[in-house]
Amino acid sequence: MALSKHVHPDRLIQEAKDKHSGHAIHTLIGNAPGDYSHAYSGRYGTCSIPKYKIPSTGTDEENVYRTIHDELSLDGSPLLNLASFVHTYLPEKAEKLVQENIYKNLIDQDEYPMTQVIHTRCVSILADLWHAPSAHGAIGTATTGSSEAIQLGGLSMKRLWQQRRKEKGLSIHEPGPNIVMGANAQVALEKFARYFDVECRLVPISKESHYRLDPQKAMQYVDENTIGVFVILGSTYTGHYEPVKEMADLLDEYEKNTGVSVPIHVDAASGGFVAPFATPKLVWDFKVPRVVSINTSGHKFGLAQVGVGWVVWRSKKFLPKDLIFELHYLGSVEYSFSLNFSRPAAPIIAQYFMFLHLGFAGYRAIALQDLTNARTLSRALENSGYYEVLSDIHRSNSSVLGDVKSALVAEQGDVENYLPGLPVVAFRFSENFRTKYPDVNQKWIQTLLRSKGWIVPNYELAPDLSDLDILRVVVRETVSEVLIERLVTDLIDITESLAKADSPTHALNALSNSQGQGKRHEISHGKLDEDSGSKSSGTYAKQC
């Protein structure tokens with residue numbers, strides 16, 4: 001059993017401190033109001049920082065800044081966080097705009113009318129980008145990331161289903177509504193079902209379905225009580241796009257045979273800002289009549305700062321009136337159809353800045369660059385012989401190239417020649433490597449990469465494939481070819497060192513299991529006990 005489970009670090013520090021009288025501490029390190037030390041961190045240079053209750057007196061802002069700044073320096077580098085889809089860079093002028101507008105609340109429409117105008121412009125731009133029937137009359141809203149947007153899209157489908165049932169004199173309670181999605185769904189999709197009393201029907205995934213929703217299998221879960229199908233444009237696990245058009249065609253046939261209309265909500269958290277620019281010929285958005293709503297994350301490949309998502313409906317008729325609140329507030333009539341009222345306006349302003357700054361051509365250039373670097377990483381990993389790549393963005397699109405070998409694709413460079421998907425690389429030890437080195441645990445790669453600064457997650461695939469664990473890299477704008485080269489070098493060095501016969505694998509196993517143990521005494525404070533939540537159904541339990 002680890003020592004950290006027996007020895008409490010906080011207690012060790014308290015017992016190891018120099019012993020002073022209360023007067024000495026009061027005089028020398030500034031416990032009195034207005035009494036500040038010249039030491040680097042002031043009072044907190046030698047005093048414990050408050051963790052569980054507010055201090056009785058404050059201290060100098062510069063000292064507080066230094067204390068918190070230095071503690072946060074122990075976080076991982078956002079640049080090297082290849083686990084996250086969240087964007088980590090804004091141009092200097094965009095940061096200036098954010099700072100200038102950091103105190104604005106989007107809900108205060110009467111006080112900040114131009115902020116609301118910019119919000120509406122963003123909705124119209126996205127509606128046009130996704131081929132809504134009318135960009136001028138677009139209906140949509142900013143949200144706190146895609147998680148809130150998904151709840152709104154799902155709620156709208158549930159309300160419309162209830163209306164249809166009531167019009168026919170049918171019960172909305174027995175057997176109740178259900179929603180269909182792939183087992184690879186991000187946890188926010190399952191959250192909608194659980195929080196809003198909708199049966200969640202998870203369609204098993206397989207290698208043959210490319211680790212994503214299989215439309216043919218999905219139809220086995222659809223019935224008259226299905227409020228809709230969540231189709232994901234960019235799986236969190238492997239970056240695969242789910243086939244929106246194929247799913248819609250099958251639902252068209254189902255409606256023709258049964259008279260039951262089942263809509264589609266597209267979760268385009270990442271793909272909504274990749275597909276329109278990188279592969280504009282791909283049919284996935286409002287060009288598909290059965291798609292009634294789409295969500296995306298502005299703070300992912302939308303290149304805005306963290307904290308902004310979007311949801312857009314095909315038209316007003318797909319947003320039920322009972323979800324729209326009329327607010328008589330601060331001298332004006334306002335309308336709200338989001339789960340939150342107050343929300344920061346700054347990320348929305350940053351989103352509009354990026355629209356104007358980059359334009360279509362700029363977003364396309366960045367998307368193509370991301371995909372190019374992701375393909376380079378994919379090929380390098382496969383060519384090493386140590387890894388197999390589960391994502392497919394580096395593979396030829398046979399519908400375009402016919403029998404042309406994939407080796408020629410690398411020379412052509414046209415994105416249309418490749419299978420569409422997110423710039424995400426999902427990989428694992430090759431079968432040959434696993435056979436040759438059965439004692440090497442793949443999760444050690446994550447641990448050893450972290451020691452070099454890289455944050456690359458190792459996690460299990462969705463249900464039915466949960467016995468397979470993968471490593472995953474999200475190639476964002478800031479992940480340049482230079483960093484790809486460095487990552488590959490470190491990966492190969494680590495892998496080859498683990499393959500050596502004298503490698504201390506037992507020590508690595510201990511390191512992997514104890515990662516983060518040293519700070520667990522505080523991080524666990526205030527958290528729920530183990531088994532406090534419902535059992536995981538297997539959907540990916542991280543938000544980004």
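Note that this is a predicted model, so its numbers are computed, not measured. All heavy atoms count here, side chains included; hydrogens, waters and symmetry mates do not.
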Review point. Under 30°, 30 to 60°, or over 60°: which ring-plane class applies to His240 and His210, parallel, tilted or perpendicular?
Key: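 Rings of His240 and His210: tilted, as their planes differ by 30° to 60°.
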Nearest heavy-atom neighbours spanning [X] and [Y]:
| X | Y | value |
| --- | --- | --- |
| Asn105 | Ser342 | ND2-OG, 3.0 Å |
| Ile172 | Pro177 | O-CD, 3.9 Å |
| Gln442 | Leu471 | NE2-N, 3.8 Å |
| Gln305 | His299 | O-CB, 3.1 Å |
| Gly140 | Phe337 | O-CZ, 3.4 Å |
| Gly182 | Leu202 | O-CD2, 3.8 Å |

Practice item. Check step by step if side chain to side chain donor-acceptor pair (under 3.5 Å) holds for Tyr459 and Arg472. Key: CA-CA 8 Å; Tyr459 56 91; Arg472 190 200 64 194; 3.1 Å; yes
Are [X] and [Y] close enough that some pair of their side-chain heavy atoms sits under 4.5 Å apart?
| X | Y | answer |
| --- | --- | --- |
| Ile348 | Leu106 | yes |
| Leu422 | Ile393 | no |
| Pro91 | Phe353 | yes |
| His87 | Lys300 | no |
| Trp313 | Val292 | no |
| Ile366 | Gln369 | no |
| Ile349 | Val98 | no |
| Val389 | Arg395 | yes |

Separation of [Y] [atom2] from [X] [atom1] (nearest 0.5 Å):
| X | Y | atom1 | atom2 | result |
| --- | --- | --- | --- | --- |
| Leu155 | Phe196 | CG | CZ | 4.5 Å |
| Gln220 | Lys217 | CD | NZ | 8.0 Å |
| Asp285 | Arg314 | CG | CZ | 8.5 Å |
| Ile150 | Thr296 | CD1 | OG1 | 10.0 Å |
| Leu90 | Lys96 | CG | NZ | 15.0 Å |
| Tyr211 | Ser235 | OH | OG | 11.5 Å |

Counting only N and O atoms by type, is there a donor-acceptor contact under 3.5 Å from the side chain of [X] to the main-chain atoms of [Y]?
| X | Y | result |
| --- | --- | --- |
| Ser338 | Thr143 | no |
| Arg165 | Gly176 | no |
| Glu416 | Asn397 | no |
| Thr226 | Asp223 | yes |
| Asn81 | Ser77 | no |
| Glu190 | Gln186 | no |
| Ser378 | Ala374 | yes |
| Tyr363 | Gly302 | yes |
| Ser297 | Gly309 | no |
| Arg343 | Ile107 | no |

Check your understanding: Do the side-chain N and O atoms of Asn225 and Asn178 include a donor-acceptor pair separated by under 3.5 angstrom?
Key ->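 Asn178 and Asn225 do not have a side-chain donor-acceptor pair below 3.5 Å.
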Practice item. Give the intermediate values and the outcome of salt bridge (Lys or Arg N to Asp or Glu O under 4.0 Å) for residues Arg201 and Glu199. Key: CA-CA 6 Å; Arg201 295 185 173 179; Glu199 179 192 351; 3.1 Å; yes
Exercise for review: Test side-chain contact (heavy atoms from CB on, under 4.5 Å) on Ile484 and Val479 and set out the steps.
Suggested key: CA-CA 7 Å; Ile484 293 292; Val479 184; 3.7 Å; yes
If you count heavy atoms of other groups shown closer than 6.0 angstrom to [atom1] of [X], is the number above 12?
| X | atom1 | answer |
| --- | --- | --- |
| Ile54 | CD1 | no |
| Lys245 | NZ | no |
| Phe360 | CZ | yes |

Check your understanding: Knowing that exactly one of Gln162, Gln163, Arg159 qualifies, which makes a side chain to side chain donor-acceptor pair (under 3.5 Å) with Asp322?
Key ->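 Answer after filtering Gln162, Gln163, Arg159: Arg159.
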Between [X] and [Y], does any side-chain N to carboxylate O distance fall below 4.0 Å?
| X | Y | value |
| --- | --- | --- |
| Lys104 | Glu111 | no |
| Asp469 | Lys443 | no |
| Asp370 | Arg476 | no |

Point to revise | Centroid-centroid distance, His119 to Trp310, less than 6.0 Å | key: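 Yes: the rings meet the under 6.0 Å criterion.
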**Study point:** Ring-ring centroid check Phe286 His131, cutoff 6.0 Å
**Key:**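 No - the distance between ring centres of Phe286 and His131 does not fall below the 6.0 Å cut-off.
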Practice item. May I ask you to check if Arg375 and Tyr418 form a cation-pi contact, with NZ or CZ under 6.0 angstrom from the six-membered ring centre and within 45° of the axis? Key: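 Yes, cation above the ring, under 6.0 Å and within 45°.
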Practice item. With sequence neighbours excluded, tell me which residues meet side-chain hydrogen bond (donor to acceptor under 3.5 Å, both in side chains) with Arg121. Key: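 Partners of Arg121 under the side-chain hydrogen bond (donor to acceptor under 3.5 Å, both in side chains) test: Tyr352.
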Point to revise | Candidates Ile294, Ile139, Leu319, Thr141 - the one meeting side-chain contact (heavy atoms from CB on, under 4.5 Å) with Val311 | key: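 For Val311, the side-chain contact (heavy atoms from CB on, under 4.5 Å) check succeeds only for Thr141.
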**Study point:** Intermediate values then yes/no, side chain to side chain donor-acceptor pair (under 3.5 Å), Glu242 and Asn184
**Key:** CA-CA 10 Å; Glu242 294 185 339; Asn184 58 306; 3.1 Å; yes
Name every donor-acceptor pair, under 3.5 Å, that has one atom in a side chain of residues 268-283 and the other anywhere in the protein, sequence neighbours excluded.
unit_1	atom_1	unit_2	atom_2	d
Thr279	OG1	Ala275	O	3.4

Exercise for review: Would you check, one step at a time, whether the test side-chain contact (heavy atoms from CB on, under 4.5 Å) holds for Val260 with Glu255?
Suggested key: CA-CA 5 Å; Val260 176; Glu255 181 177 3; over 6 Å; no
Review point. Considering residues at least two apart in sequence or located in another chain, which fulfil the salt bridge (charged side-chain N to carboxylate O under 4.0 Å, His left out) criterion with Asp214?
Key: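 Partners of Asp214 by the salt bridge (charged side-chain N to carboxylate O under 4.0 Å, His left out) criterion come out as none, since no residue qualifies.
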Point to revise | side-chain contact (heavy atoms from CB on, under 4.5 Å) between Thr120 and Val123, intermediate numbers included | key: CA-CA 5 Å; Thr120 303; Val123 171; 5.6 Å; no
Practice item. Quick one: do Leu213 and Met181 satisfy side-chain contact (heavy atoms from CB on, under 4.5 Å)? Show the steps, please. Key: CA-CA 7 Å; Leu213 178 75; Met181 66 189 82; 6.0 Å; no
